[in-house]
Participant: 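Here it is: the structure, laid out below.
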Amino acid sequence: MQLASAVDPQLADLSNKLIYSAMVVYTLAMFAHMIEWTFGSRGAVAVRSKEQSVTLAETVAAADAKAAKKVTVTVAAAGGGTTTLTRTAVAGEGATVVTSGRGADEEDGPGAAGTNERADLAGRIAVSLTVLGAALHAGGIVFRGLSVSRWPWGNMYEFSCAFAFAMTAAYLVLLASKKNVRWLGLPVVLAGLLTLGIATTVLYTDSEQLVPALHSPWLAIHVSTAIFCGGAFYAAFIATLLYLGKDSFDKRIAAGLTTGPLGTSASIWRRLPAASTFDKLSYRINALVFPLWTFTIIAGAIWAEAAWGKYWEWDPKETWSFITWVAYACYLHARATAGWKGRKAAYLALAAFACWLFNYYGVNIFVTGKHSYAGI
Amino acid sequence: MSNTTTETEQPPAPDDSAAERLSTAPVESDGPTGIGPFGWARWMWRQLTSMRVALILLFLLSLAAIPGSLIPQYQNGQGQLKVEAWKAQHATVAPIYEKLQLFDVYSSVWFSAIYILLFVSLAGCIVPRTWQFVGVLRSQPPAAPRNLTRMPVHAAWRTEADADVVNAAAHRLLRKRGFRAHLSGGAVAAEKGYLREVGNLLFHLSLFALLGGFAWASLAAGTGGKLMVQGEGYSNTITQLDDFNGTRFYGSQDLDPFYLKLDSFTSKFQTKGDQIGAARQFTANVEYYAGSDESKLKKSTIEVNHPLEIGGSKVYLIGHGYAPVVAVKNGKGEVVYRGAVPFLPQDGNLTSTGVVKVSDYGVGPDGNKTQLGFSGFFLPTAPLSFEGTGPVSLFPGDAAPELVLNAFAGDLGTDSGLPQNVYQLNTRKLTQLTQDGQPAKARLKPGEGWELPDGYGSVTFEGYKQWASFNVSHRPGNSIALVGGVLAILGLIGSLFIQRRRIWVRAVPLPGGGTQVELAGLARSESAKIAEELAELAVDLQDDAPASEDEDDATETDVPEETGAPAAPDASSDPAVPADQNSKE
């Protein structure tokens, strides 16, 4: 018998402190987002009208009309209306410029801050705090890995930390690429805090070496793709929930009511993007992640073949991955079928995410299987 | 699986077959199917291959998979033991569960029925769809609809260029953009993104490959188990394996011939922190040769994630433990037994139980032929006292090894000819030896001996070795399943990320001179950027068909108005399409 050691307790301790610091900063970001939402409701919600945007585009287009090739494409929109997309090319220069973006089917709201400047400031502070929190969070994960010289996702605590980071990072990347997703800030920060909270209280295990079953390069591949899929599924879940909410809100407004579903303030819903935007976003994320989730399962099967001798044994984790996969497959098929579009498909997406959540927490905590390592 | 009978979001081109769905799903009529058994069969087949039923079956499949994750299954690791334990705990419902095949969900009749129906439904949809797609590939893109400006995405302008020149230019530009384009009847029809359907078909077909891999494995796989103490070896035959599970095409006579010997075994454990005792490394150092050629003996190691492949089999390390080496002497001081006996771990700290059977003891103190049996515990790290806890190891490593033994004398039952569990004593015909009225018991450290009561001789705990157990697995069909899996991912990527779309261009000479240019695009996918693509094409096309001046004027005053277009009375500020459509994407 030999003794295994090779844990750097100082680095491990530093990692813990960084994770706690990240939680504090995320909490501040959460408060800042809440202030943004609160102040935002005071400002008038200005809804850009289609006329306005077209006029703007036309002005720009007219300015260089003499020297340009110009094409206007008409797009039939939902509900019988149309929007237009104008593209001009400066003569002699080859380069083409879109001077008016494609009009959305429905208008997106102005965002959490509305038109209130103080709310906007709070929102900016919240985003900065989220960036800082994510940096600390990343440091915590990196030092955790360094303290034991391995990939830092060998148990549920580490997996949860990485999962929460993947979620926050995905949100920040979308934000950095100039996508209109600041409305995601509050739910993302809340979910990150919740995940980290559960990780540090219920799931915490000291930084240690891995059980032999995890000594495999597949740990880096299979688990990291699972983490990424989890973060993305989560984002799609938020979008789906908001789609359902906004859709209900639109219906309530059409029916002459003045509040959102469950007595929520109309101002919140008015500031959010259009229902179709949420719906599209949720579909796009799910469709993007589905092949990766398939890959995660197959990578797991290859690993299982090397570790246990059988690539598929209906271990509870395998079974629930399969159930999750089938649920998302249902959703994707439903989206392609007219009778299931909209709310019905959204409910399927929620069910699929519930399967994912159970696969993550439920299977590890309530069911014993081969995916139990290091306590939990 | 995409017979979208309920599809209503068809693009608004009621008068034109060319704008038919971009999906190659078979068109179904919901008209009367006739009567009689044939009609019924046709109706059932139609239902089975419909999207709705396929969706329901998919949903059922995920529901049906749930019980297997919550109830112990025979086929899982140590399934038999877990199922028996569960049954003992739930005596009332166990027979009902057994009838419902809930201990064998994934090979149960109902689970099989769901996935077989699903695959039949899939085949019923995919095979016709494949033929239809082949037909699509062999024919030209569908001709342009009569009224392009009624299409969901369109653009139009007037030019002084010749109509034929514009059409030819459009044909060339579309080709350059990778479209399959076809110029005829004064219009260009083009289509791109066929790989979407290829991916879709590939994905669904590869599911059959996966199923085939599964099926082949369940028909031609076999697994055996072998436990070896350090220094032991074995030949891979049915007589030397501890157990073997064969299938129809891989029986005991088909075992891959090889020899395997366990040289040594290394284990490392966590020594501090809250994960103390957790395993950190297991390595079995082995020697082996394939076939029967001893001269080809090779050295290798087997670890948890690194099986050893010999011939057509893979050898997996699945367990390890300790084997105390025990020597037994009879009353006359003759050694009647000496050997390493594997003890089986009972917990994470390797508290192990086992038995020593001395079947050739000879004549006992009373002059009759007798046998000795010992049952006991091996503790790799024994506590100072068993008080309150009983014999329980504190740590899986061998920090303070001890052997705890009880002794029995009598008939072991080994001569009855019935097969016996080597890890259990059948105490029916055995009497426990006693000392001072108490059951005789000893705690031994390595090297220590125990003088048995009543002149039965002595036992010496000479030392201990490690043992490792291996799973010898022959599983064909893995590569089929792997190829199926990889193709499935490729297919998915194609079918989800590639956009299939059609573009039509028509240039028609106007009666008053000049040419009317019309473009239209149609895409069925969710995230198609058909409008942007059409705009790019149109801008390129204006090199050959520059817009007339008055067109510019029209644009400056309002959103483009296709005045003078023969077939496009709709101004874009009005609904281009009447409210007859619910197209969302």
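Chain letters run A, B, ... following the sequence lines, proteins first, then strands; residues in each count from 1. All heavy atoms count here, side chains included; hydrogens, waters and symmetry mates do not.
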Participant: Looking only at non-hydrogen atoms, find the nearest pair between A/C330 and B/L55 and report the distance.
Facilitator: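 Smallest heavy-atom distance, with atoms named: O-CD2, 3.4 Å.
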
Participant: Please flag which part of B/F203 lies under 4.5 Å from any non-hydrogen atom of chain A: side chain, backbone, both or neither.
Facilitator: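 It is the side chain, since no backbone atom gets that close.
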
Participant: Checking heavy atoms, do the side chain of B/F497, its backbone, both or neither come under 4.5 Å from chain A?
Facilitator: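 For B/F497, side-chain heavy atoms alone lie under 4.5 Å from chain A.
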
Participant: Please report the C-alpha distance between B/F111 and A/W314 in whole Å, then the side-chain angles of each, then the deciding distance to 0.1 Å, and finally whether the ring pair (Phe, Tyr, Trp, His ring centres under 6.0 Å) criterion is met.
Facilitator: CA-CA 13 Å; B/F111 191 78; A/W314 296 105; 5.7 Å; yes

Participant: What residues, two or more places apart in sequence or in another chain, satisfy side-chain hydrogen bond (donor to acceptor under 3.5 Å, both in side chains) together with B/K314?
Facilitator: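 Testing B/K314 for side-chain hydrogen bond (donor to acceptor under 3.5 Å, both in side chains), a comparison that skips the adjacent residues, returns A/E305.
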
Participant: Which bit of A/W312 is near chain B, if near means a heavy-atom gap under 4.5 Å: side chain, backbone, both or neither?
Facilitator: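 For A/W312, side-chain heavy atoms alone lie under 4.5 Å from chain B.
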
Participant: Cut-off 3.5 Å, no hydrogens considered: what does the side-chain donor-acceptor table look like for residues 294-301 of chain A, sequence neighbours left out?
Facilitator:
unit_1	atom_1	unit_2	atom_2	d
A/T294	OG1	A/F290	O	2.8
A/T294	OG1	A/W325	NE1	2.9
A/T296	OG1	A/T225	OG1	3.1
A/T296	OG1	A/L292	O	2.8

Participant: Heavy-atom cut-off 4.5 Å, strictly under: side chain, backbone, both or neither for B/Y316 against chain A?
Facilitator: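 The answer is the side chain of B/Y316.
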
Participant: Could you tell me the separation between the CD atom of B/Q73 and the CG atom of A/D315, rounded to the nearest 0.5 Å?
Facilitator: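 Answer for the CD-CG pair, B/Q73 versus A/D315, is 11.5 Å.
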
Participant: Would you check if B/L482 and A/Y311 make a side-chain contact, meaning some heavy-atom pair closer than 4.5 Å?
Facilitator: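 They are not in contact (no side-chain heavy atoms under 4.5 Å apart), so the answer is no.
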
Participant: Side chain, backbone, both or neither: which part of B/I66 has a non-hydrogen atom closer than 4.5 Å to chain A?
Facilitator: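 Both parts, backbone and side chain.
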
Participant: Quick check, are the ring centers of A/Y331 and B/F59 under 6.0 angstrom apart?
Facilitator: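 Ring-ring flag for A/Y331/B/F59: false, centres at least 6.0 Å apart.
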
